There are 2 protein chains.
Amino acid sequence: MRIGELAAQTGLTVKTIRFYEQAGVLPEPARRPSGYRDYDAGALARLRFVKAAQTAGLTLAEIGQVITAREHGGPPCRHVTALLDAHAANLDRRIAELTALRADIRRLRDRADGLDPAACDDDAVCHVIPTTTPPGARGPARR
Amino acid sequence: MRIGELAAQTGLTVKTIRFYEQAGVLPEPARRPSGYRDYDAGALARLRFVKAAQTAGLTLAEIGQVITAREHGGPPCRHVTALLDAHAANLDRRIAELTALRADIRRLRDRADGLDPAACDDDAVCHVIPTTTPPGARGPARR
DNA sequence: GTAAAGCCTCCCCTGCACTGGAAGGTCAAG
DNA sequence: CTTGACCTTCCAGTGCAGGGGAGGCTTTAC
């Protein structure tokens with residue numbers, strides 16, 4: 001099938017499929033005499049895997065590693081479970097960060113309701129944001 | 001004071017300070033005859049505000065808006081509290097997303113322990129990641 | 001026969017907050 | 001006089017996952 005049909009069947013855009021090929025998560029397909037890409041059912045399965053792995057939070061680079069491991073050796077399951085574990089740990093950390101940031105914002109917000117807007121001074125720009133570090137701050141959240 | 005001293009006093013890098021100036025969150029300072037930037041205490045206060053606002057989760061663009069509002073009108077407190085509210089709502093959404101993703105990963109991980117690594121098939125790359133959408137999937141998390 | 005849709009490659013753009021490096025000017029100490 | 005620290009501007013790149021559009025073939029439908 002041609003790239004447009006593959007896109008329709010996977011819900012991806014044509015651009016994205018070509019990008020995946022260049023990113024190394026989708027093998028280069030056969031070409032028709034015209035130069036058009038010609039995909040088989042394997043491409044469909046592959047793209048389903050890529051989508052599922054993305055949904056599980058893996059990056060394209062990691063997915064590429066898994067695929068390479070698969071092609072150069074045995075089943076990459078151990079690698080995959082290690083990636084899942086690492087992502088789970090990352091998520092735990094990020095969730096904790098965001099939750100703390102959420103609490104800080106709530107504190108600022110509550111405090112703001114009791115402040116006089118006219119009392120803002122120029123240098124500090126706005127006294128709703130105290131320039132003395134609020135309790136519980138751990139530096140800017142990485143995004 | 002020169003830029004290096006300001007950097008030392010704020011804990012930022014010289015590069016970052018110049019970047020902030022270009023990003024519009026720090027006004028252009030006076031210049032010495034040599035062309036060197038020459039900062040006063042206002043710059044220190046301003047950078048403290050920028051850091052505090054970043055800690056509260058605002059982007060540089062938003063901080064720039066707050067500063068512009070401050071310069072072109074009265075106190076920007078209402079603007080700031082609106083931003084804080086928007087960020088709080090965003091955080092709630094992102095925390096929920098990440099928590100759901102975390103639960104999905106935990107499910108995959110638990111399932112993986114009961115699977116046979118040799119049973120991976122080629123098209124699916126690795127059966128630890130099921131290509132049929134797992135229950136509770138809501139699409140890739142935005143990062 | 002012609003128009004429209006589809007495909008090709010190529011290169012640049014997005015957001016976010018910086019970071020690195022090149023090529024050169026300035027200033028104080030030894 | 002030279003060394004070295006400090007400063008200047010400008011350009012480019014990072015990570016991540018694509019998106020936009022130009023300019024030009026190919027295929028399909030009428």
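The model shown is predicted, which means the values in this text are computed figures rather than measured ones. Residue numbering restarts at 1 for every chain, and letters A, B, ... go by the order of the sequence lines. Note that these values count all heavy atoms, side chains included, but never hydrogens, waters or copies made by symmetry.
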Margin query: What is the separation between atom OH on Y36(A) and atom P on dT26(D), rounded to the nearest whole Å?
Written below: 8 Å

Checklist line | First encountered from the 5' end of DNA chain D, between T13(A) and P33(A) | finding: T13(A)

Note to self: Can you measure K15(B) atom NZ to dC11(D) atom P for me and round it to whole angstrom units?
What the structure shows: 13 Å

Check: Would you call R107(A) and D110(A) a salt bridge, taking side-chain N to carboxylate O under 4.0 Å as the test?
Finding: no

Check: For R78(B), does the CZ atom have more than 12 heavy-atom neighbours from other residues, nucleotides or ligands under 6.0 Å away?
Finding: no

Next item on the list: Could you tell me whether a side-chain N or O of K51(B) sits under 3.5 Å from a main-chain N or O of T10(B), the two making a donor and an acceptor?
Entry: yes

Margin query: Check the phosphate of dA17(D) against T16(A), side-chain N and O only, distance under 4.0 Å to OP1 or OP2. Yes or no?
Written below: no

Checklist line | Side chain to side chain, L26(A) and Y39(A), heavy atoms closer than 4.5 Å | finding: yes

Check: Of F19(A) and G4(B), whose nearest nucleotide on DNA chain D comes first from the 5' end?
Finding: G4(B)

Note to self: Rounding to an integer number of Å, can you tell me how far L47(A) CG sits from dG18(D) P?
What the structure shows: 11 Å

Check: Atom CD of E62(B) and atom C1' of dC16(C): how far apart are they, to the nearest Å?
Finding: 12 Å

Next item on the list: Measure from CD on Q22(B) to P on dA12(D) and round the result to the nearest Å.
Entry: 14 Å

Checklist line | Nearest-nucleotide comparison on DNA chain C, the residue closer to the 5′ end among S34(B) and G35(A) | finding: G35(A)

Check: Starting at CG of L6(B) and ending at P of dC7(D), how long is that distance when rounded to a whole Å?
Finding: 10 Å

Item checked: Gap between atoms CZ and P, on R32(A) and dT28(D) respectively (whole Å) -> 8 Å

Margin query: At 4.0 Å (heavy atoms only), tell me whether R18(B) reaches a base, stays on the sugar-phosphate, or touches nothing.
Written below: base

Margin query: So, does R31(B) get its side chain near the phosphate of dG25(C), meaning an N or O under 4.0 Å from OP1 or OP2?
Written below: no

Checklist line | Check: Y20(A) side chain, dG18(D) base, donor-acceptor under 3.5 Å | finding: no

Check: Less than 4.5 Å apart, any side-chain heavy atom of R70(B) and any of H79(B)?
Finding: no

Item checked: Phosphate-side-chain proximity, R2(A) and dA5(C), N/O vs OP1/OP2 below 4.0 Å -> no

Note to self: Can you measure L58(B) atom CG to dG15(C) atom P for me and round it to whole angstrom units?
What the structure shows: 18 Å

